Amino acid sequence: NELLPLHHALVQEAQLHHNAMLIGVYDLLEAKQSELETRRGSIVARLDYWLARTELERLTDGPLPESTAQDNETEE
């Protein structure tokens with residue numbers, strides 16, 4: 001919830017600096033690469049969560065309560 005918007009803002013700021021010729025294209029690409037790595041990490045974390053949750057539901061022979069904080073975050 002915090003890292004993705006932060007990295008997006010950093011890329012936007014880097015783009016402005018690049019447009020003003022304050023940083024080079026490689027710095028801009030590095031900022032974008034960092035944003036994409038953070039996004040991939042977020043996707044992997046969600047995948048791990050849902051795989052673990054599914055396995056837990058399988059082991060307990062039933063669905064888990066839907067009121068956890070993680071469920072609310074992933075629905076957005």
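None of these values were measured; they are calculated from a predicted model.
- Put simply, CD on Glu55 and CH2 on Trp50 are 15.0 Å apart, with the number rounded to the nearest 0.5 Å.
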Show me the donor-acceptor pairs, under 3.5 Å and distance only, between side chains in residues 7-14 and residues at least two apart or in other chains.
{"unit_1": "His7", "atom_1": "ND1", "unit_2": "Ser34", "atom_2": "OG", "d": "3.3"}
{"unit_1": "His7", "atom_1": "NE2", "unit_2": "Thr38", "atom_2": "OG1", "d": "3.2"}
{"unit_1": "His8", "atom_1": "ND1", "unit_2": "Glu35", "atom_2": "OE2", "d": "3.3"}

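- Within the model, atoms NZ of Lys32 and CG of Leu36 stand 5.0 Å from one another, a figure rounded to the nearest 0.5 Å.
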Apply the test side-chain contact (heavy atoms from CB on, under 4.5 Å) to residues Ser42 and Leu3: give CA-CA distance (whole Å), side-chain angles for both, the deciding distance (0.1 Å), then the verdict. CA-CA 9 Å; Ser42 171; Leu3 286 179; over 6 Å; no

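- Taking OG1 of Thr60 as the reference point, atom CG of Leu64 lies at 5.0 Å (rounded to 0.5 Å).
- Distance CD1/Ile43 to CZ/Arg39: 7.0 Å, rounded to 0.5 Å.
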Test His18 against Val25 for side-chain contact (heavy atoms from CB on, under 4.5 Å), laying out the working first. CA-CA 7 Å; His18 178 263; Val25 68; 4.0 Å; yes

